[in-house]
Structures are given as structure tokens and as C-alpha cells.
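Here the structure is laid out as C-alpha cells; the discussion comes afterwards.
In this chain, numbering begins with 1 at the start of the sequence shown. All heavy atoms count here, side chains included; hydrogens, waters and symmetry mates do not. A quick note: this is a predicted structure, and the numbers were derived from the prediction, not measured.
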Amino acid sequence: MDPKELAKTIGAGLLSFPVTHFTADGNFDEAPYREHISWLLQYHPAGLFAAGGTGEFFSLTPDEFSGVVQAAVQQTNGKVPVIAGCGYGTAMAKQFAASAEANGADGILLFPPYLVSADKAGLLAHVKSVCASTNKGVIFYNRDNAIVDDVTLEKMADQCPNLIGFKDGDGDIELMMRIYARLGDRLTYIGGLPTAETFALPYLEMGVTTYSSAIFNFLPQFAMDFYASVRKRDHPEIFKQLREFVLSYIDIRNRRKGYAVSIVKAGLRAVGRPAGPVRTPLTDLDQSEMDALSELIAGRS
């Protein structure tokens with residue numbers, strides 16, 4: 001997909017970032033992964049992130065990464081664009097980008113560089129190098145040790161024609177206002193905070209028309225209905241669903257570090273669609289947390 005077309009497509013609807021399925025001994029489990037994607041496609045997401053954060057990109061070997069992206073591309077079969085995770089240092093990020101492109105991905109989600117905290121000039125050089133290595137559209141993930149300001153992002157956009165998106169995982173309201181005021185429609189803006197539903201309404205006013213929903217993994221209809229309410233600015237319905245489900249879900253998610261991913265796989269177990277365990281250093285929910293989540297989800301079914 002042409003980068004400009006990709007930007008327009010993903011900005012028009014809810015985005016899915018499916019978990020990566022593993023066997024009990026931790027190997028990529030391709031068949032149920034493909035089946036999961038087929039199930040999610042029935043609810044018509046605007047795009048799909050393969051091997052993203054919720055897909056445990058950080059834990060995948062290069063060969064596994066290729067297999068996950070290839071399986072997602074083949075299973076979607078052109079129905080929706082597939083955006084592949086990409087990260088680590090510049091050289092490795094370029095290798096992941098090349099692998100994603102070779103396996104048919106439509107775009108790249110560029111995660112922060114591994115471990116190091118870099119100056120704005122270094123991040124600019126990193127993004128320029130990765131963007132120059134691929135013909136695919138690239139989305140910059142603003143989070144953790146890769147936070148840019150509006151001036152630096154404008155330079156990235158000016159110098160990287162295939163930089164099409166800005167995904168925010170930081171939550172700085174002033175920064176988002178500065179970015180949208182400076183860049184306007186040059187980029188597609190994506191909500192990327194954990195449990196993005198919580199921030200969806202205020203972010204919409206700052207040009208963030210879409211977000212990636214973890215809840216979509218196990219309650220896809222709920223996630224689509226919530227997104228529709230956000231786009232309609234239906235405040236009563238949004239706050240009703242926040243009170244009745246989302247905020248209680250977040251309470252469980254916040255009990256331990258790393259649960260932003262673990263709770264999604266737990267949600268799939270709760271609805272009878274298990275995706276296997278998370279890989280270390282993440283940990284799965286304990287039984288009491290699993291019971292609480294199952295009870296919460298049962299109220300939405």
C-alpha cells in the first residue's frame with residue numbers, strides 16, 4: 001500500500017494489535033494466531049499491527065518476527081493493511097524493516113531504540129536512517145526513551161517523506177497540542193497509551209482520530225462500539241462504558257508491571273480463545289486476578 005494511502009486508511013477507523021500466540025513451552029503457535037486474525041477481521045478494523053507491543057515484539061527472534069508478519073499478511077489477504085513492529089538500534093531496526101517489507105507488510109511501527117536515551121538530533125538521525133531504508137510508510141512511536149518535541153517531529157516529517165504517522169504513548173497533552181498545531185494533517189495521529197479507550201475522547205480534540213485497542217483482542221464488538229461512541233462524541237455512553245468496564249479493567253492491569261500485555265492474553269483465556277502464556281520477563285495474571293477479570297468480562301458478554 002502506498003504510504004499516503006496507508007495514512008488515510010488507518011486514520012479512518014479503529015486499529016487492532018493482536019497478541020502473538022505461543023505454545024506452553026514458548027514457541028510461536030502459528031495456526032491459532034492465524035485463526036485469531038480471521039476472527040478479528042470479522043469486526044472490520046482499519047488496520048492490524050503484527051508483532052507490535054501487545055504482540056510481544058521485544059521477545060521475538062528475527063526468524064520468529066518474519067514468521068509472525070508473514071502469517072498476518074497472508075491471513076489478512078489484503079483486507080486491511082498490516083503494520084509491523086520495528087525497533088532496537090538503528091542497524092537492527094533497518095533489518096527488521098527490511099524483513100517486514102520482504103514479508104509483505106504495508107507499513108512500519110518504529111519503537112524506541114533499545115535502552116539508550118538519545119538527544120533529539122540522535123533520534124532524528126535514527127528515524128531518517130530507518131525511513132530511508134524502506135519504501136513503506138513509517139509510524140514513529142513516541143514513548144519511553146524516544147520522546148520528541150514538535151520542532152523535531154516537524155524536521156522528521158520534512159526530511160522523511162514516508163513518515164506518515166505519530167503514535168503517542170506518552171500522554172503529554174501540551175505536547176500533543178503543539179504537535180497538531182504545528183504539523184496539522186501532515187501526519188496521521190494514533191493513540192498509543194495503555195488502554196487507549198481512556199484517552200480517546202480528549203485526544204480526538206487534538207487530531208488523534210484513531211487508536212490501537214488491546215480490548216479489541218477479546219471483546220472486539222465492545223471495542224468497535226466504544227470507538228463509534230468516541231467518533232460521535234457521545235459523552236454519556238463513553239462515560240457509562242468507562243464506569244462499567246474500562247476503569248475496572250485498568251485497576252486489574254495496574255496491579256503489576258507488564259500487565260498491559262499480560263491482561264490481554266488473560267482476556268482471551270476468559271472468552272475461551274487462549275493465546276498461550278506471555279514470555280518472560282513478563283508474567284501472567286495470578287488466579288485471583290484472572291477470576292476478577294473473568295467476572296468483569298462476563299458482564300460484557
Side-chain angles (χ1 to χ4, degrees), residues 13-24 29 31-50 52-56 72 169 191-201 210-232 234-279 282-301:
L14 184 66
L15 302 174
S16 165
F17 54 135
V19 300
T20 299
H21 290 58
F22 297 126
T23 61
D29 204 358
Y33 176 71
R34 284 174 172 267
E35 195 280 329
H36 182 55
I37 288 174
S38 293
W39 181 58
L40 296 180
L41 289 176
Q42 297 175 35
Y43 296 88
H44 308 293
L48 184 147
F49 289 96
T54 300
E56 298 181 72
L193 288 155
T195 315
E197 281 82 359
T198 318
F199 306 90
L201 185 59
T210 185
Y211 54 88
S212 49
S213 171
I215 293 172
F216 186 83
N217 268 282
F218 55 90
L219 289 177
Q221 190 59 60
F222 170 85
M224 292 298 292
D225 291 344
F226 191 99
Y227 177 75
S229 297
V230 169
R231 293 305 299 266
K232 290 186 294 185
D234 186 346
H235 289 224
E237 181 61 21
I238 291 167
F239 282 98
K240 177 177 181 289
Q241 298 307 332
L242 287 173
R243 287 191 303 270
E244 293 182 359
F245 179 75
V246 177
L247 296 179
S248 296
Y249 171 86
I250 291 172
D251 287 342
I252 300 171
R253 184 204 73 196
N254 287 345
R255 292 184 186 181
R256 303 192 193 199
K257 292 181 179 180
Y259 268 14
V261 176
S262 305
I263 196 171
V264 182
K265 284 197 165 178
L268 281 162
R269 289 196 295 275
V271 298
R273 307 183 69 89
V278 293
R279 278 179 167 174
L282 298 181
T283 56
D284 288 301
L285 273 63
D286 66 26
Q287 191 58 53
S288 66
E289 294 161 343
M290 186 70 214
D291 291 344
L293 179 64
S294 298
E295 182 178 354
L296 183 63
I297 290 174
R300 310 306 309 172
S301 303

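- The heavy-atom pair separating Leu14 from Phe216 by the smallest distance is CD2-CD1, 3.9 Å.
- The main-chain N or O of Thr54 is never found under 3.5 Å from a side-chain atom of Lys265 such that the two would form a donor-acceptor pair.
- Separating the CZ atom in Arg273 from the CG atom in Leu40 is a distance of 8.0 Å, to the nearest 0.5 Å.
- Two residues are said to be in side-chain contact when any heavy atoms from C-beta on lie closer than 4.5 Å; Thr198 and Tyr211 fail this criterion.
- Residues Ala266 and Leu293 come closest through the heavy atom pair CB-CD2, 3.6 Å.
- Atom OG of Ser16 sits about 6.5 Å away from atom NE2 of His36, to the nearest 0.5 Å.
- Here the closest heavy-atom approach between residue Ala275 and residue Val19 is recorded as CB-CG2, 3.7 Å.
- Other residues, nucleotides and ligands place more than 12 heavy atoms under 6.0 Å from the CD atom of Gln221.
- Between the CG atom of Leu296 and the CD1 atom of Ile252 there is a distance of 5.5 Å, given to the nearest 0.5 Å.
- In this structure the side chain of Val278 never reaches within 4.5 angstrom of the side chain of Phe22, judged on heavy atoms.
- When all heavy atoms of Ala223 and Ser213 are compared, the pair lying nearest together is CB-OG, 3.6 Å.
- At a threshold of 4.0 Å, the pair Glu237-Lys232 does not count as salt-bridged, since none of the basic side-chain nitrogens sits closer than that to a carboxylate oxygen.
- Ser248 places no side-chain N or O within 3.5 Å of a backbone atom of Glu244 that could act as its donor or acceptor partner.
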Assess the residue pair Tyr259 and Asn254 against the criterion (side-chain contact (heavy atoms from CB on, under 4.5 Å)); give the C-alpha distance rounded to whole Å, side-chain angles, the decisive distance to 0.1 Å, and a yes or no. CA-CA 7 Å; Tyr259 268 14; Asn254 287 345; over 6 Å; no
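- Annotation: the span from Ile37 atom CD1 to His21 atom NE2 amounts to 8.5 Å, rounded to 0.5 Å.
- Nearest heavy-atom pair, Ala270 versus Ile297, reported as atom, atom and distance to 0.1 Å: CB-CD1, 3.9 Å.
- Ser262 places a side-chain N or O within donor-acceptor distance of the main-chain N or O of Thr283, the cut-off being under 3.5 Å.
- Separating the OH atom in Tyr227 from the CG atom in Leu15 is a distance of 7.5 Å, to the nearest 0.5 Å.
- Under the 3.5 Å distance criterion, the side-chain polar atoms of Glu289 are matched with a main-chain donor or acceptor of Asp286.
- With no hydrogens or angles considered, no side-chain donor-acceptor pair links Glu197 and Tyr249 at under 3.5 Å.
- Taking each heavy atom of Phe17 and Asn217 in turn, the nearest pair found is O-ND2, 3.2 Å.
- Residue Phe239 places its CZ atom among 12 or fewer non-hydrogen atoms of other residues, nucleotides or ligands, all under 6.0 Å distant.
- Checked by atom type, the side-chain pair Thr195/Arg253 shows a donor-acceptor distance below 3.5 Å.
- Separating the CG atom in Leu201 from the CZ atom in Arg231 is a distance of 11.5 Å, to the nearest 0.5 Å.
- Counting heavy atoms from C-beta on, the side chains of Leu219 and Phe245 come closer than 4.5 Å.
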